[in-house]
Amino acid sequence: MNISIWRELLQDYEESVVCDFLEFGWPVGFMPTTLPVFDLRTHRGVILFSEQVTTYLTKEIFLGRVAGSFDTVPFTDGFVVSPLNTVPKRDSAERRVIVDLRWPCGTSVNDGIPSDSFLGEPISLTYPTIDSIVDAVISLGPGCLLYKRDLKKAYRQFSVDPKDYHLLGYTWDNHFYFNTVLTMGLRSAAMACQ
């Protein structure tokens, strides 16, 4: 959908800044005064499933969600490299490739993203519960319609603010990459989708 249509539809919405995020990229909300540790390691799940990692990166680069491959560090100041890992997908033989933004504990990218605020504003993220759904059905009465949608790759549909690209780096096969969209495991990604 064209951003001008979003701006028109959300002109009276209290949080219309979301239109800026949709147009220019979503800030990850990284706040500390020191950058995380540059870490060239990978986790065991990547070593054991290297073919799936290569296939994943090829596809994500083609779709414009990953930038790379770079022979040298793509940013001269403050590029953060976090380890890659893979985890099994539910009900599938495939594996999900993730950037471990929690590593190393205490100096990771996620350690620099507050869990109770975003860009200085307090936040509280809660997912709908079955009780809240039941309450909605009761209040709307007989004949109401429910709609549930699980968006495949939901995070991967939101661009990251280019000023935060340097926080989403990793290495594979002696090359550097970074995500240009929200990534699974990024502390602020669920809030952005909500």
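Taking 4.5 Å as the limit, some side-chain heavy atom of Arg7 sits within range of a side-chain heavy atom of Glu23. With contacts defined as side-chain heavy-atom distances shorter than 4.5 Å, the pair Asn179/Tyr170 qualifies. Using a 4.5 Å heavy-atom cutoff, the side chains of Tyr177 and Phe70 are not in contact. Proximity of Cys19 to Leu10: side-chain heavy atoms (C-beta onward) are separated by under 4.5 Å at one or more points. Counting only heavy atoms from C-beta outward, the side chains of Asp173 and Val53 never approach each other to under 4.5 Å. In this structure, the side chains of Val80 and Leu168 stay at 4.5 Å or more apart for every pair of heavy atoms. A 4.5 Å side-chain heavy-atom check between Phe49 and Val97 finds every atom pair outside the cut-off. Considering only heavy atoms from C-beta on, Thr180 stays 4.5 Å or farther from Ser159 through its side chain.
Val87 and Leu101 fall within the same hydrophobic cluster, defined by Ile, Leu, Val, Met, Phe, Trp and Tyr side-chain heavy atoms under 4.5 Å apart, directly or through other members. Residues Val17 and Leu119 fall within the same hydrophobic cluster, defined by Ile, Leu, Val, Met, Phe, Trp and Tyr side chains chained together at heavy-atom separations under 4.5 Å. Val18 and Ile3 fall within the same hydrophobic cluster, where Ile, Leu, Val, Met, Phe, Trp and Tyr residues are linked whenever their side-chain heavy atoms come under 4.5 Å apart, directly or through other members. Cluster annotation: Ile123 is connected to Leu182 through the hydrophobic network of ILVMFWY side chains, with a link wherever side-chain heavy atoms come within less than 4.5 Å.
Val181 approaches Val160 most closely through the heavy-atom pair C-CG2, 3.2 Å. In this structure, Leu125 and Ala190 approach most closely via the heavy-atom pair CD2-CB, 3.7 Å. The two residues Cys193 and Phe158 make their nearest non-hydrogen contact at SG-CE1, 3.6 Å. Nearest heavy atoms, Ser188 versus Ile113: CB-CG2, 4.1 Å.
For the salt bridge (Lys or Arg N to Asp or Glu O under 4.0 Å) condition, the pairs that include at least one residue of residues 53-70, sequence neighbours left out, are Glu60-Arg65, Glu60-Arg156. Under the side-chain hydrogen bond (donor to acceptor under 3.5 Å, both in side chains) criterion, the residue pairs touching residues 44-55 are Thr54-Trp172, with sequence neighbours excluded.
Hydrophobic clustering, defined by side-chain heavy atoms of Ile, Leu, Val, Met, Phe, Trp and Tyr closer than 4.5 Å, leaves Leu140 isolated from every other such residue. Residues Phe62 make up the rest of the hydrophobic cluster containing Leu63, defined by ILVMFWY side-chain heavy atoms closer than 4.5 Å, directly or through other members. Cluster partners of Met31 are absent, since no Ile, Leu, Val, Met, Phe, Trp or Tyr has side-chain heavy atoms less than 4.5 Å from it.
Heavy-atom neighbours of Phe75 CZ from other residues, nucleotides or ligands within 6.0 Å: above the threshold of 12. Surrounding CD of Gln11 are more than 12 heavy atoms belonging to other residues, nucleotides or ligands, all under 6.0 Å away. At most 12 non-hydrogen atoms from other residues, nucleotides or ligands lie less than 6.0 angstrom from CZ of Arg102.
Distance check, rounded to the nearest 0.5 Å: CG of Leu186 to CE of Met191 gives 9.0 Å. Considering CG of Asp164 and CH2 of Trp26, their distance stands at 12.5 Å, rounded to 0.5 Å. Considering CZ of Arg95 and OH of Tyr56, their distance stands at 14.0 Å, rounded to 0.5 Å.
For the residue pair Asp131/Thr129, the side-chain donor-acceptor check at 3.5 Å is not satisfied. No hydrogens or angles considered: nothing links the side chains of Ser132 and Asp135 as a donor-acceptor pair under 3.5 Å.
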Between Phe30 and Val109, is a side chain to side chain contact (heavy atoms under 4.5 Å, CB included) present by the stated rule, with each step listed? CA-CA 7 Å; Phe30 188 79; Val109 170; 4.2 Å; yes
Take Ser69 and Phe176 through the side chain to side chain contact (heavy atoms under 4.5 Å, CB included) test and state the conclusion after the steps. CA-CA 6 Å; Ser69 70; Phe176 295 95; over 6 Å; no
Worked verdict on His43 versus Asp100 for side chain to side chain contact (heavy atoms under 4.5 Å, CB included): CA-CA 9 Å; His43 292 311; Asp100 189 355; 2.8 Å; yes
Where do Trp103 and Ser82 land on the side chain to side chain contact (heavy atoms under 4.5 Å, CB included) test, with the steps shown first? CA-CA 7 Å; Trp103 181 267; Ser82 297; over 6 Å; no
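Using a distance-only test at 3.5 Å, with no hydrogens or angles considered, no donor-acceptor pair links the side chain of Asp161 to the main chain of Val28. Panel note: side chain Ser117, backbone Pro114; no donor-acceptor pair is recorded below 3.5 Å.
In this structure Thr72 satisfies the side chain to side chain contact (heavy atoms under 4.5 Å, CB included) test with no other residue, sequence neighbours excluded.
Ring centroid separation for the pair Tyr165 and Phe79 does not come in under the 6.0 Å cut-off.
Remark: of the listed residues Leu84, Thr183, Asn85, Thr86, Asn85 is the sole one forming a side-chain contact (heavy atoms from CB on, under 4.5 Å) with Ile98.
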